[in-house]
Colleague: 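I have a structure here, written as structure tokens, and I will follow up with some questions on it.
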Amino acid sequence: MKNVRVRFAPSPTGYLHLGGARTALFNWLFARHHKGSFILRIEDTDSQRSTDEALEVIIKGLRWLGLDWDEGPEKEGEYGPYFQAQRTEVHRKYADRLVREGKAYFCYCSPEELESMRKKAREEGKPPKYNGRCRDQSDEQRKEYEEQGRKPVLRFRTRQEGTTKINDLIHGELSFENSLLDDFIILKSTGTATYNFAVVTDDIEMKITHVIRGDDHISNTPRQILLYEALGSTLPEFAHIPMIFGSDRAKLSKRHGAVAVTEYMKEGYLREAMVNYLALLGWSTTDSQQIFELDDLINKFTLKGCSKSASVFDFKKLEWLNGEYVRKMNIDELTEKAMPFILDANLNVEDKEKLRKAVSLEQEKIKLLKDIPGLIDFMLKDDIGYTDKAVAKVLKKEGSREVLSDIMEKINGMDDFSEKELEEMVREYCRRKDLKTGKVFHPLRAAVSGRTTGPGLFVMLEFIGKERVLKRIEESMKYT
RNA sequence: GUCCCCAUGGAGUAGUGGUUAGCUCACCACCCUUUCAAGGUGGUAGCAGGGGUUCAAAUCCCCUUGGGGACGCCA
């Protein structure tokens, strides 16, 4: 395939939604796979709702995911500007042409009039559409409206005969009756383009070859195709990817939990995991591969592998994938990425080496970066607390006190406080006393860590150090 | 209401006329093991329903049902 040009065209009216991120990802993957261009175009024609903050958040999200664009904001290219609001000249140029050719006309109907039109159509069991009242009005009539100070909108004269077909790369052929479509508005009374018109003209101007977007745009497509035809432009290829649902099979929204990609960023998900997971929603390879390095993903991504049906976002699977990536990561990088979370928990980070080691001892257990402080704090802090479980299920148990006091004595006499020596000492003690290892291991772990789970007992003891271990055992005796 | 799309276990999916319906997550059990994980082995669970076509249907056609989307001077 030659000169593939695709775009992601968000409107800056809110956060970058998971669904949007997935659409961006598919476009990006498609572009990278075909060595084409990925363009970011900001659809900010709704000046009421567009904000700079939203734009910032979207850009931040895309950057975090690593979806770099070849043309777009902060990356000017041949086909700019890349903010739709700055393209009104282009839109008007195309609109003028349609007017000249009689393919568009001015409409002076008020919002109230339109509303009652729609209501009436609906009551008659017809699709709510504009009734074409201003389609063939005389110049006199127009003049009269103008004199009244009415501001017109520009409507597209939609052909009412025949059907419009979409040859969708994912869905195959879809067809729509033109008679069901109305003369939709292409320029608002403010003179700015509406979505359908702006998209088409900008896609033409930017030489977009493939329009890859959410399923929810299918019903817009016939209108857009009609526009392409009226403008005499060749159609891009269309590929409508399925939507993402929440667990109740309804459109993913706030109540399903986090939907903004920046939230995942903040919670300590890894970019690689997020990208991998998003790719798996609505796309797959025939061998059901689950884990993809980025290059591999680019290499294997095809629209053919996209499914037609909506998919449900599964937070559990995302977590699993995140854990997979955490386990694969080298310890320096992991520690580095965990830093913000560790700092946030006020842990002592002066001794980098110690910190690294602590993280590595818990690496296999980490799912999210934000879990890290809670997993390692007892190894770094001087004072620890004891969990209810550690007290009730272990320390309070018969015999714990004696074991702890014996072990404390043994430790006192140790010179080489190493993992190896510690293990030998404890095992020897078990043999001597004819105790099951658990009878000793468990109280010792609880006494020293304050909890019932953690890294291997002896590495942990060595790491915490003789002095602190002794102090903690003594402290723990209060609970026995 | 009108039009459109979709339909394989709880979730993501493979499968394009002949398979014991495969894989991943989740769940359960066992193994490993000082704990928690990780890992290993095994298990529960699925072609929405009904009609066709065919020697043969998850796969092709029709209907029903269910879910979703669109119908704005929003994008």
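Protein chains get the first letters and strands the later ones, always in sequence-line order, with residue 1 at the start of each. Note that this is a predicted model, so its numbers are computed, not measured.
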Colleague: Any N or O donor-acceptor pair under 3.5 Å from the base of B:U2 to the side chain of A:Lys129?
Modeller: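 No pair found.
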Colleague: Looking at B:G12, I'd like to know if its phosphate oxygens (OP1 or OP2) sit under 4.0 Å from a side-chain N or O belonging to A:Ser311.
Modeller: no
Colleague: Ring-plane angle category for A:Tyr264 and A:Phe315, please: parallel below 30°, perpendicular beyond 60°, tilted otherwise.
Modeller: parallel
Colleague: OP1 or OP2 of B:G69 versus the side-chain N and O atoms of A:Lys308: is any pair under 4.0 Å?
Modeller: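 Indeed not, no polar side-chain atom of A:Lys308 lies that close.
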Colleague: A:Arg445 side chain: which of B:G72, B:C36, B:U35 is closest?
Modeller: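 When the side chain of A:Arg445 is considered, B:U35 is the closest of B:G72, B:C36, B:U35.
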Colleague: How far does the P atom of B:G43 sit from the matching atom of B:U2, given to the nearest Å?
Modeller: 50 Å
Colleague: Of the candidate nucleotides B:U24, B:C3, B:C5, which contains the atom at the shortest distance from the side chain of A:Leu174?
Modeller: B:C5
Colleague: Is a side-chain N or O of A:Asn27 found less than 3.5 angstrom from the main chain of A:Thr23, in a donor-acceptor match?
Modeller: yes
Colleague: What is the nucleic acid contact for A:Gln290, judged by heavy atoms within less than 4.0 Å: base, sugar-phosphate only, or nothing?
Modeller: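 Result for A:Gln290 = base.
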Colleague: Looking at A:Phe83, I'd like to know if the NZ or CZ of A:Arg87 sits under 6.0 Å from its six-membered ring centre while staying within 45 degrees of the ring's axis.
Modeller: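 No; the conditions do not both hold, so A:Arg87 does not lie above the ring face of A:Phe83.
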Colleague: I want to confirm an ordering. Mapping A:Pro127 and A:Lys304 to their closest nucleotides on RNA chain B, which one lands closer to the 5' end?
Modeller: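 Per heavy-atom nearest nucleotide, the more 5' residue is A:Pro127.
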Colleague: Does A:Arg249 reach a base, just sugar-phosphate, or nothing at all? Heavy atoms under 4.0 Å.
Modeller: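 Sugar-phosphate contact only.
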Colleague: Hey, does A:Gly282 reach any base, or is it just sugar-phosphate, or nothing, if we go heavy atoms under 4.0 Å?
Modeller: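 The residue A:Gly282 makes sugar-phosphate contact but no base contact.
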Colleague: I want to check one thing: is the phosphate of B:A70, taken as OP1 and OP2, less than 4.0 Å away from some side-chain N or O of A:His217?
Modeller: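 Indeed not, no polar side-chain atom of A:His217 lies that close.
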Colleague: Do A:His240 and A:Thr221 pair up side chain to side chain, a donor and an acceptor below 3.5 Å, judged on atom types alone?
Modeller: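 Side-chain D/A pair, A:His240 to A:Thr221: present.
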Colleague: By the 4.0 Å heavy-atom rule, please label A:Cys107 as base, sugar-phosphate, or nothing.
Modeller: nothing
Colleague: Reckon A:Lys188 has a side-chain N or O less than 4.0 Å from the OP1 or OP2 of B:C74?
Modeller: yes
Colleague: Does B:C30 have a Watson-Crick or wobble mate here (both distances under 3.5 Å), and if so which one?
Modeller: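 B:C30 is paired, partner B:G40.
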Colleague: Is the distance from OP1 or OP2 of B:U13 to the nearest side-chain N or O of A:Ser307 less than 4.0 Å?
Modeller: yes
Colleague: Just to be sure I understand the rule, does A:Asn220 reach a base, reach only the sugar-phosphate, or reach nothing, if contact means heavy atoms closer than 4.0 Å?
Modeller: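 Contact class for A:Asn220: base.
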Colleague: NA contact type, A:Ser175, heavy-atom cut-off 4.0 Å: base, sugar-phosphate, or nothing?
Modeller: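 Since only primed, P, OP1 and OP2 atoms lie under 4.0 Å of A:Ser175, the category is sugar-phosphate.
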Colleague: Indicate, yes or no, whether a donor-acceptor pair under 3.5 Å links the base of B:C73 to the side chain of A:Ser189.
Modeller: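 Indeed, a donor on one side and an acceptor on the other fall under 3.5 Å apart.
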Colleague: Please state whether the phosphate of B:A75, meaning OP1 or OP2, lies under 4.0 angstrom from any side-chain nitrogen or oxygen of A:Thr45.
Modeller: yes
Colleague: Taking any heavy-atom pair under 4.0 Å as a contact, classify A:Val153: base, sugar-phosphate, or nothing.
Modeller: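 Base: the residue A:Val153, judged by heavy atoms under 4.0 Å, touches a nucleobase.
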Colleague: Is A:Ser11 touching bases, backbone alone, or none of the nucleic acid, heavy atoms closer than 4.0 Å?
Modeller: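 Touches sugar-phosphate only.
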Colleague: Starting from the C-alpha separation in whole Å, work towards a yes-or-no answer on side chain to side chain contact (heavy atoms under 4.5 Å, CB included) for A:Phe378 and A:Ile384.
Modeller: CA-CA 6 Å; A:Phe378 73 94; A:Ile384 57 164; 4.0 Å; yes
Colleague: Starting at the 5' end of RNA chain B and moving along, which residue's nearest nucleotide shows up first, A:His442 or A:Phe245?
Modeller: A:His442
Colleague: Under 4.0 Å, counting only non-hydrogen atoms across every strand here, what does A:Leu318 touch: a base, just sugar-phosphate, or nothing?
Modeller: nothing
Colleague: With a 3.5 Å distance limit and no angle check, can you tell me whether A:Lys103 reaches the backbone of A:Ala230 through a side-chain donor-acceptor pair?
Modeller: yes
Colleague: Kindly say if A:Lys251 contacts the phosphate of B:A70, meaning a side-chain N or O under 4.0 Å from OP1 or OP2.
Modeller: yes
Colleague: Compute whether any side-chain donor of one residue and acceptor of the other, for A:Tyr145 and A:Gln137, lie under 3.5 angstrom apart.
Modeller: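 Short answer, no.
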Colleague: It should be established whether A:Arg213 places a side-chain nitrogen or oxygen under 4.0 Å from OP1 or OP2 of nucleotide B:G69.
Modeller: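 Looking at the OP1 and OP2 atoms of B:G69, neither is under 4.0 Å from any side-chain N or O of A:Arg213.
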Colleague: Between B:G22, B:G12, B:U13, which one does the side chain of A:Ser288 approach most closely?
Modeller: B:G22
Colleague: Below 4.0 angstrom from OP1 or OP2 of B:G72, is there any side-chain N or O of A:Arg118?
Modeller: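 True: A:Arg118 side-chain N/O within range (under 4.0 Å) of B:G72 OP1/OP2.
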Colleague: Considering only atom P, compute the distance from B:C6 to B:C62 and round it to an integer number of Å.
Modeller: 12 Å
Colleague: For nucleotides B:A48 and B:G66, find the distance between their C1' atoms and express it as a whole number of Å.
Modeller: 7 Å
Colleague: Evaluate the criterion side-chain hydrogen bond (donor to acceptor under 3.5 Å, both in side chains) for residue pair A:Ser110 and A:Glu113; output intermediate values, then yes/no.
Modeller: CA-CA 5 Å; A:Ser110 67; A:Glu113 287 166 331; 3.3 Å; yes
Colleague: Taking only side-chain nitrogens and oxygens of A:Arg427, does any of them come within less than 4.0 Å of OP1 or OP2 of B:U34?
Modeller: yes
Colleague: Check every strand shown and say whether A:Gly454 touches a base, only sugar-phosphate, or nothing at a heavy-atom separation below 4.0 Å.
Modeller: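 A:Gly454: base contact, heavy atoms under 4.0 Å.
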Colleague: Could you tell me the Watson-Crick or G-U partner of B:G46, where both distances fall under 3.5 Å? Say none if there is no partner.
Modeller: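 Partner of B:G46: none.
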Colleague: Identify whether any heavy atom of A:Arg49 sits under 4.0 Å from a base atom; if not, whether one sits that close to sugar-phosphate; answer base, sugar-phosphate or nothing.
Modeller: base
Colleague: Categorize A:Glu324 for me: base, sugar-phosphate, or nothing, with a 4.0 angstrom heavy-atom threshold over every strand shown.
Modeller: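 Sugar-phosphate: the residue A:Glu324, judged by heavy atoms under 4.0 Å, touches backbone atoms but no base.
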Colleague: Please give the nucleotide sitting opposite B:C60 as a Watson-Crick or G-U wobble pair, both distances under 3.5 Å, or none.
Modeller: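 Base partner found: B:G52.
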Colleague: Using Watson-Crick or G-U wobble geometry with both distances below 3.5 Å, tell me the partner of B:A70, or none.
Modeller: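 Paired with B:A70, as far as the under-3.5 Å criterion goes, is B:U2.
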Colleague: May I ask you to say what A:Ile218 touches in the nucleic acid, namely base, sugar-phosphate or nothing, with a heavy-atom cut-off under 4.0 Å?
Modeller: sugar-phosphate
